[in-house]
Amino acid sequence: MSLPARSDKRRHIVETAYGLFKRGGFHATGIDRIIAEADVAKMTMYRNFPSKDGLIVEVLNHRAARFERQLDQLAAEAGTAERKIGTIFDWYGRWFGSPDFHGCLFAHALAEFGDPTHPVFLAVVAQKDGLRRRMRQILEDIMPTDRAERTAATLLMLVEGATLMAEMGQGDEAIRNAKAAAFCLMAAPAERQ
């Protein structure tokens with residue numbers, strides 16, 4: 001394996017750590033293993049990431065940015081608010097069936113870092129709030145802001161529940177039911193919400 005160019009080493013470390021964290025967990029994956037897998041010197045690792053927590057936050061931010069880019073691309077192809085929300089659920093359905101699916105990296109981080117003031121916890125909150133905000137903004141095209149906020153929060157719970165069910169081997173049914181529930185919520189008269 002050839003080493004990445006100097007300017008790409010930070011990204012290479014992040015991508016290597018991402019692969020290790022999603023399969024093995026955060027606490028169980030040591031810095032020495034990341035250094036060995038990334039094939040970088042300890043000095044390079046610590047120059048780029050003085051702490052493991054900083055590396056974890058960077059990995060989470062990297063994953064969140066990749067997810068956002070994917071959703072941006074899908075949203076650009078969808079016309080209506082309903083289709084945009086549908087594409088989010090469709091993205092999850094494809095992810096559940098992919099060999100890259102190891103559950104939600106953010107949920108796993110939350111399980112390992114439960115202190116609400118910890119930087120890893122805050123990175124998880126930022127990602128989940130970002131998805132909820134995205135859905136709220138989409139929904140504001142078809143409903144009042146307060147209803148859009150409540151509906152977006154509910155849609156986030158549907159997605160998170162479906163993700164957990166997918167980890168249990170029930171991804172197809174879970175995402176199908178979650179998407180159907182999402183469309184019922186969007187179509188429901190305002191007084192029922």
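Any value given below was found using the heavy atoms of this structure, including those in side chains, with hydrogens, waters and symmetry copies removed.
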Reported CE-to-CZ distance for the pair Met45 and Arg47, which is rounded to 0.5 angstrom: 12.0 Å
Under 3.5 Å side-chain donor-acceptor pair for His12 and Asp39: no
Val57 versus Ala123, closest heavy-atom pair with distance: CG1-CB, 4.3 Å
Geometric class of the His27/Phe113 ring pair [parallel <30°, tilted 30-60°, perpendicular >60°]: tilted
From Leu185 atom CG to Arg147 atom CZ, the distance as rounded to the nearest 0.5 Å: 8.5 Å
Heavy-atom closest pair, residues Leu55 and Ala17: CD2-CB, 4.0 Å
Glu140 side chain near Glu149 side chain, heavy-atom distance below 4.5 Å: no
Aromatic plane relationship, Tyr18 with His62 - under 30° parallel, 30 to 60° tilted, over 60° perpendicular: perpendicular
Contact summary for Ala109 and Val120, nearest pair of heavy atoms: CB-CG1, 3.8 Å
Distance-only side-chain donor-acceptor flag, Asp53 / Ser51, under 3.5 Å: no
Flag side-chain contact, heavy atom, 4.5 Å: Phe67 against Trp91: yes
Flag, side chain of Lys52 to backbone of Phe26, donor-acceptor distance under 3.5 Å: yes
Separation of Ile138 CD1 from Ile85 CD1 (nearest 0.5 Å): 4.0 Å
Shortest non-hydrogen contact from Arg136 toward Ala152: N-CB, 3.5 Å
hydrophobic_cluster_shared for Ile56 and Phe121, side chain cutoff 4.5 Å: yes
Thr80 side chain near Lys84 side chain, heavy-atom distance below 4.5 Å: no
For residues 154-169, which side-chain donor-acceptor pairs fall under 3.5 Å, sequence neighbours excluded?
unit_1	atom_1	unit_2	atom_2	d
Thr154	OG1	Arg150	O	3.0
Glu160	OE1	Lys128	NZ	3.4
Glu160	OE2	Lys128	NZ	2.8
Thr163	OG1	Val159	O	2.8
Glu167	OE1	His108	NE2	3.1

Candidate pair Ile88 and Leu71, rule side chain to side chain contact (heavy atoms under 4.5 Å, CB included), full reasoning: CA-CA 7 Å; Ile88 293 171; Leu71 291 185; 4.0 Å; yes
Within-4.5 Å side-chain heavy-atom neighbours: Arg134 and Asp72: yes
Spacing of Arg10 atom CZ and Glu58 atom CD [to the nearest 0.5 Å]: 4.5 Å
Cluster link Leu122 to Phe49, ILVMFWY, side chain under 4.5 Å: no
Straight-line distance of Thr29 OG1 to Glu37 CD, nearest 0.5 Å: 9.5 Å
Any donor-acceptor N/O pair, Thr44 side chain to Val40 backbone, under 3.5 Å: no
Residues Leu105, Val59; criterion side chain to side chain contact (heavy atoms under 4.5 Å, CB included); working and verdict: CA-CA 10 Å; Leu105 187 68; Val59 166; 4.1 Å; yes
Nearest-0.5 Å distance, CG of residue Asp90 to CD1 of residue Ile175: 8.0 Å
Within 6.0 angstrom of Arg83 CZ, more than 12 heavy atoms from elsewhere: no
Stepwise side chain to side chain contact (heavy atoms under 4.5 Å, CB included) check, Gln73 with Arg69: CA-CA 6 Å; Gln73 182 180 4; Arg69 284 191 304 274; over 6 Å; no
Worked check of salt bridge (charged side-chain N to carboxylate O under 4.0 Å, His left out) between Arg132 and Asp129: CA-CA 5 Å; Arg132 181 188 47 76; Asp129 280 348; 3.5 Å; yes
Shortest non-hydrogen separation from Ile35 to Ala41 and the atoms involved: CG2-C, 4.4 Å
Which atom of Phe106 lies closest to which atom of Val124, heavy atoms considered: O-CG2, 3.5 Å
Side-chain donor/acceptor of Ser98 to backbone N/O of Trp95, under 3.5 Å: yes
Contact check, side chains of Leu60 and Phe21, non-hydrogen atoms, under 4.5 Å: no
